[in-house]
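Here the structure comes first, spelled out in structure tokens, and everything after it is commentary.
Hydrogens, waters and symmetry mates are skipped; everything else that's a heavy atom, side chains included, is used.
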Amino acid sequence: MLDDQKTPHRSASLFSSSKLTATAASGVPSRGLFMIELVFALLITRIPYLSVPFKWLESYFHELSHGIATILSSGIVSHIQLFPNGAGFCFSQGGSPLLIGFAGYFGAACWGYLIYLLATWPKGIRVSFALLGALVVLSGLLWGRDLLTLAILAVLTIILLLPLKLSKNNMLTQFLRIIGLMIMLNALASPTVLLGLGQGDAVMLAERSWIPAWIWVGLWLLTSACALYLTWRRVDNAANR
């Protein structure tokens, strides 16, 4: 009877151990670790000075999304411009104004989610960092014109390439997950600044479409919220396996 009672306990322990091993191998954090990383990412985005480089990341992917939308709609990108306060511009000719205008905040949220997905691929984590760093470098070569923008892009390149010196993949995956979360959180907060302003993407879209600016802002907020929800669903589904 004593042996029969101990056997289920042993099986449960082995099952829990194998489950933890599988979770670590997949790069998907536990529910608890996800919440810790989310709170940590939120705190960093609220700390003056420390949050600045990560705001640049969101701004970069925002302007990059404008650029991609311009090219996809048969337009031409002249250059991008980034500023220390997190603002930015994408100068282009032609293309679809509605697609280009909407792509900025929408694209930033999607990039954040994509980066989070890359962080759940431990075997390719170094390739992911290298590709993201190469993307920033390529953007600078193609669309960087002024010294300030090039300096900001150089800092972003360092942020993405310097972690490659770390020897442990689990530290890399965690850092990339937090970067993805910060980009999504910044993409969620940034559109709210447009409310009440007489300029910005939302106003431009309202003038072009006759759809009120607050609706465009609402769509961007919904996109960012959905991106964060999808990251949680990925974590939750992995925990239930």
Is atom [atom1] of [X] surrounded by more than 12 heavy atoms (other residues, nucleotides or ligands) closer than 6.0 Å?
{"X": "Ile76", "atom1": "CD1", "answer": "no"}
{"X": "Arg145", "atom1": "CZ", "answer": "yes"}
{"X": "Ile47", "atom1": "CD1", "answer": "yes"}

Hey, does [Y] have a side-chain heavy atom less than 4.5 Å from the side chain of [X]?
{"X": "Cys226", "Y": "Leu222", "answer": "yes"}
{"X": "Ile178", "Y": "Leu38", "answer": "no"}
{"X": "Val127", "Y": "Leu118", "answer": "no"}
{"X": "Met182", "Y": "Leu57", "answer": "no"}
{"X": "Phe129", "Y": "Leu161", "answer": "no"}
{"X": "Arg234", "Y": "Leu117", "answer": "yes"}
{"X": "Ile179", "Y": "Gln174", "answer": "no"}
{"X": "Val52", "Y": "Pro84", "answer": "no"}

How far does [atom1] of [X] sit from [atom2] of [Y], to the nearest 0.5 angstrom?
{"X": "Leu172", "Y": "Arg177", "atom1": "CG", "atom2": "CZ", "answer": "11.0 Å"}
{"X": "Cys90", "Y": "Glu63", "atom1": "SG", "atom2": "CD", "answer": "6.0 Å"}
{"X": "Leu160", "Y": "Leu132", "atom1": "CG", "atom2": "CG", "answer": "5.5 Å"}
{"X": "Ser30", "Y": "Ile36", "atom1": "OG", "atom2": "CD1", "answer": "7.5 Å"}
{"X": "Thr157", "Y": "Ile152", "atom1": "OG1", "atom2": "CD1", "answer": "11.5 Å"}
{"X": "Leu138", "Y": "Leu131", "atom1": "CG", "atom2": "CG", "answer": "11.5 Å"}

Will you find, in the side chains of [X] and [Y], an N or O donor that is under 3.5 Å from an N or O acceptor?
{"X": "Asp201", "Y": "His66", "result": "yes"}
{"X": "Ser139", "Y": "Tyr60", "result": "yes"}
{"X": "Asn170", "Y": "Thr173", "result": "no"}
{"X": "Arg46", "Y": "Ser51", "result": "no"}
{"X": "His62", "Y": "Asn186", "result": "no"}

Kindly work out whether a path of hydrophobic side-chain contacts (I/L/V/M/F/W/Y, heavy atoms less than 4.5 Å apart) joins [X] to [Y].
{"X": "Met35", "Y": "Tyr116", "value": "yes"}
{"X": "Val137", "Y": "Ile115", "value": "no"}
{"X": "Trp214", "Y": "Trp216", "value": "yes"}
{"X": "Leu164", "Y": "Ile158", "value": "no"}
{"X": "Phe40", "Y": "Ile183", "value": "yes"}

Identify each donor-acceptor pair in which a side-chain atom of residues 91-105 lies under 3.5 Å from a protein atom, sequence neighbours left out, and give them as a table.
from  : atom 1 : to    : atom 2 : distance (Å)
Ser96 : OG     : Leu99 : N      : 3.3

* Asked: What ring pair (Phe, Tyr, Trp, His ring centres under 6.0 Å) pairs are there with at least one residue in residues 221-241, not counting sequence neighbours?
  ->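 Those involving residues 221-241 are Phe34-Trp232.
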Between [X] and [Y], what is the shortest heavy-atom contact and its length?
{"X": "Pro29", "Y": "Glu37", "value": "CG-OE1, 4.1 Å"}
{"X": "Val28", "Y": "Ala238", "value": "CG1-CB, 3.6 Å"}
{"X": "Ala213", "Y": "Ala206", "value": "N-CB, 3.7 Å"}
{"X": "Ala187", "Y": "Ala109", "value": "CB-N, 3.9 Å"}
{"X": "Trp220", "Y": "Phe106", "value": "CD1-N, 3.7 Å"}
{"X": "Phe175", "Y": "Pro163", "value": "CE2-CG, 3.4 Å"}

* To do: Decide yes or no on side chain to side chain contact (heavy atoms under 4.5 Å, CB included) for Val235 and Thr231, but give the supporting numbers first.
  => CA-CA 6 Å; Val235 170; Thr231 59; 5.7 Å; no
* Could you please spell out the steps behind the side chain to side chain contact (heavy atoms under 4.5 Å, CB included) verdict for Ile211 and Leu205? => CA-CA 7 Å; Ile211 298 175; Leu205 289 170; over 6 Å; no
* With sequence neighbours excluded, residues passing side chain to side chain contact (heavy atoms under 4.5 Å, CB included) with Ala151 ->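 In terms of side chain to side chain contact (heavy atoms under 4.5 Å, CB included), with neighbours along the sequence ignored, Ala151 is linked to no residue.
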* Please test Leu150 against Asp146 for side chain to side chain contact (heavy atoms under 4.5 Å, CB included), starting from the C-alpha separation and ending with a verdict. => CA-CA 6 Å; Leu150 291 173; Asp146 62 287; over 6 Å; no
* Stepwise, does the side chain to side chain contact (heavy atoms under 4.5 Å, CB included) test hold for Leu228 with Tyr113? -> CA-CA 7 Å; Leu228 284 168; Tyr113 179 61; over 6 Å; no
* Asked: Got a donor-acceptor contact below 3.5 angstrom from the Thr192 side chain to the Ala189 backbone?
  ->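 Yes; at least one donor-acceptor contact below 3.5 Å.
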* Criterion side chain to side chain contact (heavy atoms under 4.5 Å, CB included) against Phe54, the qualifying member of Ile44, Leu185, Leu156 ->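 Result: among Ile44, Leu185, Leu156, Ile44 is the only option passing the side chain to side chain contact (heavy atoms under 4.5 Å, CB included) with Phe54.
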